[in-house]
Amino acid sequence: GWKSVRLFNTSNSRMTIMPAWVIDRYGSNDVLRFTKNAGFPIINYPNEVVVQVHAAGLNPIDVSMRGGYGAATMAMKRDPLNINQSGSEFPLILGRDMSGVIMECGLDVASAYFKEGDEVWAAIPPWKQGSLAEFVVLSANEVSKKPKCLSHIEAAAVPYVAATAWSALVNTGGLNKDNCAKKRILILGGSGGVGTFSIQMLKAWGAHVTVTCSQNAERLVRGLGVDHVVDYTAGPVEVPLRALEKFDLVLDNVGGDTESWALGLLKPWCGAKYVTLVTPFLCNTDRLGIADGMLQTGVTVASKALKHLSKGVHYRWGMFAPNGLALDDISEMVDAGKIRAVVEEEFTFSQVPQAMLKVEKGHARGKTVVKISSGEDSSE
């Protein structure tokens, strides 16, 4: 069929394999393996595009997925009818953030939106093969034109945390560019990827932003425009936080016992929301299976939501959702100078295991990015 004929005008030869970092089983960092023979991504649906990856951003979810986090849920997304035997996801390519250049478009991809040679960025859904490879295949609605003012390295630091923050603050939290003025927002864990992005978006929208972070991250978050910083290394943060005026929204990147006290920081009875990004959803489905896991998750969130509604605050779970349209808006904000990429460290393609260890250690000050292929373009 037409799919098997893969002519790239660059080399005029069919490409069937590519270099990539893969895992063949779940486990610690030593399961990562470099191969030159990873299967080349194939367009299976007419709305898909093949992208040459120039840079890949790493996130904590890559470390979690390397260990098997979400495996049951992802298996269901990849193979809803359960046709393949278990383990069919391997060799698995990690990496959720991507900046690169479109190499090929499916038949339904309107040239008005995308064409070969376009520079794009994307957050790759966790059930798809990732960006630690020279090429990746994505739906056109997951892809967005890369901001012109960012290099591929910088651009790869943004999409996954942007899509996560957008999902949490906009879809779940109900915030937007027109309703943030005078709102007081608290971000628990402000110096990582989601934190450093959320600060900038909320400040661009006119909110008042307080964050918790460690003392040595204070300069970074102040430089992003934060109004108030609470240092969690100086003692329990709930003490200084309780002394502050109450908040309209709390975004929790920390989890643990924070919800036992953080909900008390919200303004009661005026639609204030506590949104946590530390959810047991994928853990529950891995432990209990899909149906029971969803049930357990539903029971947990319902009981927590009810308990807190009795105090007049809303309890919600935020989730990553792939969103090309949100990335279009974010791209505009980046090119307008309102949001910048915060890259903590850059690694080469051969250093992927070191990059993963860096993310695994935590204490992020922005993002860890891997340079994949430089292509021929001069903006690198």
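Side chains are part of it too, since the values below use all heavy atoms of this structure and drop only hydrogens, waters and symmetry mates. Here the structure is a predicted model, which is why all the values come from computation and not from measurement.
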Derivation of the side-chain contact (heavy atoms from CB on, under 4.5 Å) call for V359 and D62: CA-CA 9 Å; V359 175; D62 293 304; over 6 Å; no

Worked check of side-chain contact (heavy atoms from CB on, under 4.5 Å) between L241 and V239: CA-CA 5 Å; L241 284 173; V239 179; over 6 Å; no

Test side-chain contact (heavy atoms from CB on, under 4.5 Å) applied to E104 and V49, step by step: CA-CA 6 Å; E104 189 185 0; V49 293; over 6 Å; no

Intermediate values then yes/no, side-chain contact (heavy atoms from CB on, under 4.5 Å), L138 and M98: CA-CA 11 Å; L138 290 167; M98 187 279 318; 4.1 Å; yes

Audit row: F247, Y274, ring-ring contact (aromatic ring centres under 6.0 Å, His included) steps and yes/no: CA-CA 10 Å; F247 295 94; Y274 168 88; over 10 Å; no

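With rounding to the nearest 0.5 Å, the separation of NE2 in H363 from OG in S214 is 7.5 Å. For the atom pair K273 NZ and L249 CG, the distance stands at 7.5 Å (nearest 0.5 Å). Separation of atoms CE (M74) and CG (L92) is listed at 10.0 Å; rounding is to 0.5 Å. Note that NZ of K146 and NE2 of H54 are 10.0 Å apart. Values are rounded to the nearest 0.5 Å. Going from atom SG of C105 over to atom CD of E48 covers 11.5 Å, rounded to the nearest 0.5 Å.
In terms of heavy-atom proximity, T348 sits nearest to V370 at O-CG1, 3.7 Å. For the residue pair S191 and R365, the shortest heavy atom distance occurs at OG-NH1, 3.0 Å. A pairwise comparison of heavy atoms in M201 and L169 identifies CE-CD1, 4.0 Å as the closest pair. Of all the heavy atoms in L244 and R184, the pair that sits closest is CB-NH2, 4.0 Å. Residues G190 and V221 share a closest heavy-atom pair of O-CG1, 3.7 Å. Across all non-hydrogen atoms, the minimal contact from L94 to M356 is CD1-CE, 3.6 Å.
The neighbour count for F347 CZ, taken as heavy atoms of other residues, nucleotides or ligands under 6.0 Å away, is above 12. The neighbour count for Q354 CD, taken as heavy atoms of other residues, nucleotides or ligands under 6.0 Å away, is above 12. In R78, the CZ atom is crowded: over 12 heavy atoms of neighbouring residues, nucleotides or ligands sit closer than 6.0 Å. Crowding of K358 atom NZ: a count of heavy atoms from other residues, nucleotides or ligands under 6.0 Å exceeding 12.
Y315 and E259 are linked by a side-chain donor-acceptor pair at a separation below 3.5 angstrom, with hydrogens and angles left out of the test. Inspection of the N47 and N141 side chains reveals no N or O donor paired with an N or O acceptor under 3.5 Å. Defined by atom type and a distance below 3.5 Å, a donor-acceptor pair is missing between the side-chain atoms of T196 and K367. Under the 3.5 Å distance criterion, with hydrogens and angles disregarded, no donor-acceptor pair is assigned to the side chains of E238 and Y232.
Residues W121 and S144 have side chains in contact (heavy-atom distance under 4.5 Å, counting atoms from C-beta outward). Under the 4.5 Å side-chain criterion, counting only non-hydrogen atoms from C-beta, V211 is in contact with I199. Residues K145 and F114 form a side-chain contact, since some pair of their non-hydrogen atoms from C-beta on lies under 4.5 Å apart. Two residues are said to be in side-chain contact when any heavy atoms from C-beta on lie closer than 4.5 Å; H228 and V209 fail this criterion. When side chains are defined from C-beta on, E142 does not count as touching I124, because their heavy atoms never get closer than 4.5 Å. Side-chain contact between W205 and V170: present, with at least one pair of heavy atoms (C-beta onward) separated by less than 4.5 Å. When side chains are defined from C-beta on, V275 does not count as touching D252, because their heavy atoms never get closer than 4.5 Å.
N29 places a side-chain N or O within donor-acceptor distance of the main-chain N or O of P353, the cut-off being under 3.5 Å. T368 places no side-chain N or O within donor-acceptor distance of the main-chain N or O of L58, the cut-off being under 3.5 Å. D231 places a side-chain N or O within 3.5 Å of a backbone atom of Q215 that can act as its donor or acceptor partner.
Following chains of ILVMFWY side-chain contacts shorter than 4.5 Å, one can reach V137 starting from M15, so the two form part of one hydrophobic cluster.
For the pair D227 and K203, the salt-bridge criterion is met [side-chain N within less than 4.0 Å of a carboxylate O]. Between E154 and R340 there is no salt bridge, since none of the side-chain N atoms of the basic residue sits less than 4.0 Å from a carboxylate O of the acidic one. Between E218 and R222 there is a salt bridge, since a side-chain N of the basic residue sits under 4.0 Å from a carboxylate O of the acidic one.
Between F197 and Y160, the distance separating the two ring centers is not shorter than 6.0 angstrom.
Between F34 and F349, the ring-plane angle classifies as perpendicular under the 30° and 60° cut-offs.
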